[in-house]
A.B. asks: 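Dropping a structure here in C-alpha cells format, bear with me for questions.
Note: hydrogens, waters and symmetry copies are ignored here, and every other heavy atom, side chains too, is used. Since the structure is predicted, the reported quantities are computational estimates derived from the model, not experimental observations.
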Amino acid sequence: MLINSIYADNIIKTALLEDINYLDTTTDYLIDEEQEDTAKFLAKSDGVLCGIEIALRVFEILQPTGFEAKVYKKDGDVLKKGDIIAEIHGKTRTILKGERTALNLIQHMSGIATATHNAVEIVKGTNASIADTRKTLPGLRALQKYAVTVGGGRNHRYNLSDAAMLKDNHIDAGGGIANAVSKLKTKLGHMTKIELEVRNLDELRQALEADVDVIMLDNMSPALMKEAVEITNGKALLEASGGITDETLREIAETGVDIISMGALTHSVKAFDISLKIAK
C-alpha cells in the first residue's frame, strides 16, 4: 500500500480518540476484558475494495498483540454483494471499539475507488485519463488520493508545493497570463511544471504563446474543448475540469483532451456499504 505508515497511523489514532475519548461506556462495562471473538468484513453491494489494510490497522493499534486477520480480498479487487473481505479475531472489546472507525475509513476509500473505476470504464477507448483534485476532506488527502489510484485513476498535485497552477484569480492578481507565466519562469526550478486555467479560446492561445506545460479547460462546452484540442495540436497537455459528471464524461473524453479531473471523486463520493459482523 503506497501510504506512509506514520501518516496512516496518525489519521487512525485521531479518529479513535475522537470516537472513544477516555472509554467506551457500553463495551467497557458490558464485555469482560479477556473475552475474544471472530468477526467478518462483508460486502453489502458491488464495487471496488480499497482500505482493507487501513481498516485492519485500526484493530492492531487498539490491540498490539494477539490480534489476527485472514484477508480474502485485497485493494483493487472487484467485490460482489455477499463477498467476505476479511476475517478478524481478537479481544471482543477491540472489535467493538474499532468497528466504526475501521468501517468509516474502508467504506469511504472503497467508495472513491468504486467511483473512479466507474469513470475509468466510461472513458475507456479514448485518450483521456481520469484524475482527482485537491477537493479532498481535510486530513484525509493521502488516503483519498490512494483510493483514486486503486480505482484506476491518476493523482493531480497533492498540494500547493507540487506544481505551479495559475487559476483565474492568480492570473488576474498577477497582471495577466503572459506576465504571470513569465514571472513564475524566472523563479521556478527546472523540475516544476506550470499549469494554467483558461476560460476561452483567446486565453488558450495566450497560454500556448506563454509555453506552459498543461492547460486546464475550465467549464468549457464539449464543442469548445474539441476546438481547443485542434488549436493546441499536442503543444501542451489539455485537462478538462469543472462540474463533470458520469453523464457528461464520455462526450468530454471524446473531444480528445488528455486528462479529465473530477472533484466529485473525493469531495462528495457515496460510501461503499461494508459491514463487520461478529460470528455466532
Side-chain angles (χ1 to χ4, degrees), residues 1-117 137 139-140 142-144 146-147 149-151 269-280:
M1 181 178 64
L2 300 177
I3 299 177
N4 184 305
S5 60
I6 298 172
Y7 179 99
D9 279 3
N10 283 339
I11 290 177
I12 294 167
K13 289 176 182 178
T14 298
L16 287 171
L17 284 172
E18 180 180 62
D19 207 30
I20 298 172
N21 199 349
Y22 61 93
L23 75 108
D24 176 344
T25 306
T26 308
T27 300
D28 286 330
Y29 290 153
L30 178 65
I31 305 299
D32 291 338
E33 186 176 357
E34 298 308 315
Q35 182 175 330
E36 295 188 358
D37 271 299
T38 297
K40 296 178 181 179
F41 282 96
L42 298 170
K44 298 183 72 177
S45 57
D46 299 345
V48 177
L49 176 65
C50 183
I52 183 58
E53 292 180 50
I54 294 291
L56 295 178
R57 183 62 182 151
V58 172
F59 302 104
E60 292 170 352
I61 288 173
L62 286 170
Q63 185 181 328
T65 60
F67 173 78
E68 299 175 349
K70 295 179 181 178
V71 179
Y72 304 115
K73 302 289 184 181
K74 65 183 185 299
D75 285 359
D77 283 351
V78 176
L79 300 177
K80 295 295 183 183
K81 182 178 180 180
D83 281 350
I84 299 174
I85 299 167
E87 186 174 87
I88 62 175
H89 182 85
K91 291 186 176 181
T92 309
R93 286 187 180 183
T94 298
I95 295 171
L96 294 174
K97 289 181 180 182
E99 175 183 3
R100 178 42 51 199
T101 296
L103 287 175
N104 283 347
L105 292 170
I106 194 172
Q107 287 177 334
H108 183 62
M109 294 174 72
S110 295
I112 292 171
T114 299
T116 305
H117 173 78
L137 298 179
L140 294 180
L143 298 189
Q144 292 185 303
Y146 165 71
T149 65
V150 169
V269 72
K270 181 181 178 182
F272 183 86
D273 198 0
I274 295 172
S275 67
L276 179 64
K277 295 294 185 183
I278 290 180
K280 290 297 183 183

A.B. asks: Quick one: list whatever passes side chain to side chain contact (heavy atoms under 4.5 Å, CB included) with Ser275, sequence neighbours left out.
C.D. replies: Leu42, Lys44, Lys277
A.B. asks: Taking only residues two or more places apart in sequence, or in another chain, which ones meet Thr101 in a side chain to side chain contact (heavy atoms under 4.5 Å, CB included)?
C.D. replies: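 Thr101 satisfies side chain to side chain contact (heavy atoms under 4.5 Å, CB included) with Ala15, Leu16, Asp19, Val58, Leu105 only.
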A.B. asks: Could you go step by step and tell me if Val269 and Thr114 meet the side-chain contact (heavy atoms from CB on, under 4.5 Å) rule?
C.D. replies: CA-CA 9 Å; Val269 72; Thr114 299; over 6 Å; no
A.B. asks: Are the side chains of Arg93 and Gln35 in contact, using a 4.5 Å heavy-atom criterion?
C.D. replies: no
A.B. asks: With the side chain counted from C-beta on, respond yes when Asp32 and Thr92 share a heavy-atom pair under 4.5 Å apart, and no when they do not.
C.D. replies: no
A.B. asks: What is the minimum heavy-atom distance between Gln144 and Leu137, and which atoms define it?
C.D. replies: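 Residues Gln144 and Leu137, closest heavy atoms: OE1-N, 2.9 Å.
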A.B. asks: Tell me every residue that passes side-chain hydrogen bond (donor to acceptor under 3.5 Å, both in side chains) with Lys74, counting only those two or more places apart in sequence or in another chain.
C.D. replies: Asp77
A.B. asks: With the side chain counted from C-beta on, respond yes when Leu103 and Ile274 share a heavy-atom pair under 4.5 Å apart, and no when they do not.
C.D. replies: yes
A.B. asks: Looking at Ile11 and Gly139, what are the two nearest heavy atoms and their distance?
C.D. replies: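 Nearest heavy atoms, Ile11 then Gly139: CD1-O, 3.2 Å.
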A.B. asks: Can you pull out every ring-ring contact (aromatic ring centres under 6.0 Å, His included) where at least one residue sits in residues 30-68? Sequence neighbours excluded, please.
C.D. replies: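 Sorted pair list: Phe59-Phe67.
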A.B. asks: Distance from Lys91 atom NZ to Ile31 atom CD1, nearest 0.5 Å?
C.D. replies: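 Rounded to the nearest 0.5 Å, the NZ-CD1 separation comes to 13.5 Å.
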A.B. asks: Side chains of residues 21-30: which donor-acceptor partners sit under 3.5 Å, not counting sequence neighbours?
C.D. replies:
unit_1, atom_1, unit_2, atom_2, d
Asp24, OD1, Thr26, N, 3.2
Asp24, OD1, Thr27, N, 3.1
Asp24, OD2, Thr27, OG1, 2.7
Asp28, OD1, Lys97, NZ, 2.8
Asp28, OD2, Asp24, N, 3.0
Asp28, OD2, Lys97, NZ, 3.4

A.B. asks: So, taking the atom named OH in Tyr7 and the one named CD1 in Ile12, what distance separates them when rounded to the nearest 0.5 Å?
C.D. replies: 11.5 Å
A.B. asks: How far apart are the closest heavy atoms of Cys50 and Tyr146, and which atoms are they?
C.D. replies: SG-CE2, 3.6 Å
A.B. asks: Once side-chain hydrogen bond (donor to acceptor under 3.5 Å, both in side chains) is applied, do any residues pair with Thr94, and if so which ones, sequence neighbours excluded?
C.D. replies: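 side-chain hydrogen bond (donor to acceptor under 3.5 Å, both in side chains) check on Thr94 returns Gln63.
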A.B. asks: In a table with atom names and distances, give each donor-acceptor pair under 3.5 Å that connects a side chain of residues 80-89 to protein atoms at least two apart or in another chain.
C.D. replies:
unit_1, atom_1, unit_2, atom_2, d
Asp83, OD2, Lys80, N, 2.8
His89, ND1, Asp37, O, 3.2
His89, ND1, Thr38, OG1, 2.8
His89, NE2, Glu36, OE1, 3.0

A.B. asks: Work out which heavy atom in Ala39 is nearest to a heavy atom in Leu276; give both atom names and the distance.
C.D. replies: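 Minimum heavy-atom contact is CB-CD1, 3.8 Å.
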A.B. asks: Please report the shortest heavy-atom distance between Ala113 and Val150, naming the atom on each side.
C.D. replies: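 That closest heavy-atom pairing would be CB-CG1, 4.2 Å.
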A.B. asks: Using the test side-chain hydrogen bond (donor to acceptor under 3.5 Å, both in side chains), find all partners of Gln107 that sit at least two apart in sequence or belong to another chain.
C.D. replies: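 In terms of side-chain hydrogen bond (donor to acceptor under 3.5 Å, both in side chains), with neighbours along the sequence ignored, Gln107 is linked to no residue.
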A.B. asks: Between Ile3 and Ala8, what is the shortest heavy-atom contact and its length?
C.D. replies: CG2-CB, 4.1 Å
A.B. asks: With sequence neighbours excluded, what pairs up with Asp9 under the side-chain hydrogen bond (donor to acceptor under 3.5 Å, both in side chains) test?
C.D. replies: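 Scan of Asp9 (side-chain hydrogen bond (donor to acceptor under 3.5 Å, both in side chains), adjacent residues dropped) gives Arg57.
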A.B. asks: Write out all pairs satisfying ring-ring contact (aromatic ring centres under 6.0 Å, His included) with one or both partners inside residues 92-112, taking only residues at least two apart or from two chains.
C.D. replies: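 Every candidate ring-ring contact (aromatic ring centres under 6.0 Å, His included) pair involving residues 92-112 fails, so no pair, neighbours aside, qualifies.
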A.B. asks: Give me the one residue out of Leu49, Leu79, Asp46 that meets side-chain contact (heavy atoms from CB on, under 4.5 Å) with Phe272.
C.D. replies: Leu79
